[in-house]
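What's counted below: heavy atoms across the whole structure, side chains too, no hydrogens, waters or symmetry copies. Keep in mind that this is a model prediction, so the values were computed, not measured. Just so you know, residue 1 is the first one in the sequence shown, and it goes up from there. In each ligand, atom 1 is the first atom listed, and ligand 1 is the first ligand listed.
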Amino acid sequence: MDEVIRKGPPELTPTLPDYARACADFSWDTARAELAGLPGGGLNIAFEAVDRYATSAPERVAFRFLRRGGEVEDLTWAGLREGTARFAGVLEGLGVRPGDRVFALAGRIPELYVAALGTLRHGAVFCSLFAAFGPEPIRTRMEIGAGRVLVTTPALYTRKVAPIRDRLPALEFVLLTGDPNACPEGTLSLTRLLEEATPTKEAAQTREDDPALLHFTSGTTGKPKGALHAHGAVIWHRLSARWALDLHPEDVYWCTADPGWVTGVSYGIVGPLTNGVTSIVDEGEFNPERWYRILDEQRVTVWYTAPTALRLLIRAGMDLPRAVDLSRLRHVASVGEPLNPHAVRWGVEALGLPIHDTWWQTETGGILIANLAAEDIHPGAMGRTLPGIEAAILARRGDALEPAPPGEEGELAIRAGWPSMFRAYLNEEARYRRCFKDSWYLTGDLARRDADGLLWFVGRADDVINSSGHLVGPFEVESALMEHPGAAEAGVIGKPDPVAMEVVKAFVIPAAGRAPDEALRAELMAYARKRLGPAVAPREIEFVTTLPRTRSGKVLRRLLKARELGLPEGDTSTLEEAS
Ligand code: 6R9
């Protein structure tokens, strides 16, 4: 528990050299004043990310795209301004209004990044979906978000969107990348529209509280939740990226996250751009050889990745890191799942640096807790709250939730009001309100704080599954399985896994007349993969004859999990297990 990894003298003065002092000096007014602000007042994320540096450093590379085929495409800040002004012009031409939702469904291609920032520049709300999603998660999210515009590729459109298009009444415009002459009926060519568009002259006059970004996250019950963020989030995107990722202007920064996940937007787009830092964007999927090669060849100095990827690199062995030059790496950080102490130590051996854990959520919009560059690392700890952020561990005392003393476990809560805090769950006011108690935002994570103020992750307070950092709502998987005629009932849990942390496991009661055999298993697996996509579909299906349920009919996933792990079943007073 008391292990400490001591850090040598830093190569560069850390951006947050003196934590205590930064906390004492902190004020939101000062943080806000660091932004350029719109010429006529107001605040716009795209203006801070693009226009600000397009004026002061037009030829600097904003994004270096490593394309699937091996080509390298640099996009300068001037190029980014031109592209985003044109994209905003396209939206203008289509009659898209402030607050309307623009979705993207694409891999990490330049058009996705241009669409994100062009949408923000126009004052519309941007939402990116994982290209790995199947039609069902796409449909639910676009329905909740009432997406009016969708930017996607011809292949993704044909495979995933065309089959559900008639169930998306709000979707008016589908803009396809690539060859303008290969657009199926009912779609428009983004390539042609961008060519013909009149670039808009200025960013929309948005204000701090105007909606900007929409990210979906999964809950235990019901549909996915659409967490809405406002333009004011940029205050925290910029500051937290600089502090927690130790970003300096001369850095070459690589965030491996896809913009379908909040990390890929807050720290794959807005954080680095608003700090004037060049980002590497790799279009390819995870591959140990290529990842090490990218770190070496692109001379990456700051790297933000995830525990699952690190565990896969650990598995790939030490020969690979030994064969490359990683001497330029200065800061490595991780997010999304607990970072095992072993991975932190492995970093020292393989990369020459310990890994810095950071903690945050879709709802928090940005990093709130981090191991700081200037501090020694206690492997296993998430770190401390960044200046400006106040956390508490709330423990149950009878019916009340009260701040607990050091060492005691409880629910991690954050004092509400930081600028990147989500402003709504779209169309679900009551669900949003339930996340707050007095002035605290309740995170749904269990944690404890030690006497030195370091926060340690304990677990989740709910049944949400964390598979490779991707949150999967068991309800969404259960619903999809139950639509298959071969499944009568389904209960879904996260099963511990050495690499992915958890994998999705489903317990299924076969429909009457269906045998619980390999044929049915294969059918259900294929069906789930097709509907949900590989990131969400179960990895394992077990047939059962009953499912534990509460008297009110809810599947007792906790019990399924306890049985799976051979653990005590705990309180089963509400159990009603019909057989
Ligand atoms: C950015 C992001 C949030 C949930 C969060 C927690 C888990 C994230 C973690 C961590 C342990 C860390 N999580 N960081 N658990 N240690 N450093 O991950 O957003 O997809 O909304 O997930 O992920 O359970 O509540 P999101």
Side-chain angles (χ1 to χ4, degrees), residues 128-130 137 141 213-220 224-229 233 236-237 240-241 244-245 255-271 304-311 332-341 343-344 354-372 377-386 391 409 411-414 420-422 425 435 441-449 454-473 476 494 496 500-502 535-536:
S128 181
L129 301 176
F130 278 111
R141 286 159 179 77
L213 293 165
L214 176 65
H215 292 287
F216 284 90
T217 182
S218 297
T220 310
K225 305 176 274 190
L228 190 63
H229 292 275
W236 194 244
H237 289 154
S240 60
L245 304 175
C255 170
T256 59
D258 187 277
W261 182 31
V262 66
T263 308
V265 173
S266 296
Y267 299 103
I269 303 181
V270 187
Y304 198 24
T305 189
T308 294
L310 292 168
R311 287 193 287 270
V332 182
S334 138
V335 69
E337 314 147 57
L339 181 68
N340 354 23
V344 180
I355 320 282
H356 297 71
D357 195 9
T358 67
W359 177 94
W360 58 292
Q361 307 179 303
T362 302
E363 286 85 345
T364 72
I367 301 168
L368 301 188
I369 298 169
N371 285 271
L372 301 170
I377 291 186
H378 298 254
M382 298 194 287
R384 48 179 96 254
T385 47
L386 292 180
E409 283 176 15
E411 182 162 0
L412 176 63
I414 310 290
S420 67
M421 186 179 91
F422 69 135
Y425 282 139
C435 296
Y441 159 66
L442 306 174
T443 67
D445 278 359
L446 302 174
R448 69 188 158 77
R449 179 153 45 190
L454 289 171
L455 289 150
W456 301 74
F457 183 77
V458 172
R460 285 197 58 101
D462 58 23
D463 294 336
V464 171
I465 301 163
N466 189 331
S467 188
S468 300
H470 184 87
L471 295 192
V472 177
E476 199 173 10
M501 181 167 142
E502 294 185 305
V536 185

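- With 3.5 Å as the limit, one finds a donor-acceptor pair spanning the side chains of Glu337 and Thr308.
- Neither side chain, Tyr441 nor Thr364, offers a donor N or O lying under 3.5 Å from an acceptor on the other.
- Considering only residues two or more places apart in sequence or on other chains, His215 meets the side-chain hydrogen bond (donor to acceptor under 3.5 Å, both in side chains) condition with none of them.
- Under the 30°/60° scheme for interplanar angles, the aromatic rings of His229 and Phe422 are found to be tilted.
- Contact check on Glu502 versus Arg460 returns no salt bridge, with no Lys/Arg side-chain nitrogen under 4.0 Å from an Asp/Glu carboxylate oxygen.
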Between ligand 1 and the protein, tabulate every N or O atom pair separated by less than 3.5 Å, reporting distance only.
{"from": "ligand 1", "atom 1": "13 (N)", "to": "Gly336", "atom 2": "O", "distance (Å)": "3.3"}
{"from": "ligand 1", "atom 1": "14 (N)", "to": "Gly336", "atom 2": "N", "distance (Å)": "3.2"}
{"from": "ligand 1", "atom 1": "16 (N)", "to": "Glu337", "atom 2": "O", "distance (Å)": "3.4"}
{"from": "ligand 1", "atom 1": "17 (N)", "to": "Asp357", "atom 2": "OD1", "distance (Å)": "2.8"}
{"from": "ligand 1", "atom 1": "17 (N)", "to": "Asp357", "atom 2": "OD2", "distance (Å)": "3.3"}
{"from": "ligand 1", "atom 1": "17 (N)", "to": "Thr358", "atom 2": "O", "distance (Å)": "2.7"}
{"from": "ligand 1", "atom 1": "19 (O)", "to": "Thr362", "atom 2": "N", "distance (Å)": "3.3"}
{"from": "ligand 1", "atom 1": "20 (O)", "to": "Trp261", "atom 2": "NE1", "distance (Å)": "2.9"}
{"from": "ligand 1", "atom 1": "21 (O)", "to": "Thr362", "atom 2": "N", "distance (Å)": "2.8"}
{"from": "ligand 1", "atom 1": "21 (O)", "to": "Thr362", "atom 2": "OG1", "distance (Å)": "2.6"}
{"from": "ligand 1", "atom 1": "23 (O)", "to": "Gly336", "atom 2": "O", "distance (Å)": "3.3"}
{"from": "ligand 1", "atom 1": "24 (O)", "to": "Asp445", "atom 2": "OD1", "distance (Å)": "2.9"}
{"from": "ligand 1", "atom 1": "24 (O)", "to": "Asp445", "atom 2": "OD2", "distance (Å)": "3.2"}
{"from": "ligand 1", "atom 1": "24 (O)", "to": "Arg460", "atom 2": "NH1", "distance (Å)": "3.1"}
{"from": "ligand 1", "atom 1": "25 (O)", "to": "Gln361", "atom 2": "NE2", "distance (Å)": "2.8"}
{"from": "ligand 1", "atom 1": "25 (O)", "to": "Asp445", "atom 2": "OD1", "distance (Å)": "3.0"}
{"from": "ligand 1", "atom 1": "25 (O)", "to": "Asp445", "atom 2": "OD2", "distance (Å)": "2.9"}
{"from": "ligand 1", "atom 1": "25 (O)", "to": "Arg460", "atom 2": "NH1", "distance (Å)": "3.0"}

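- The two atoms that bring Ala535 and His470 nearest to each other are O-CD2, 4.1 Å, heavy atoms only.
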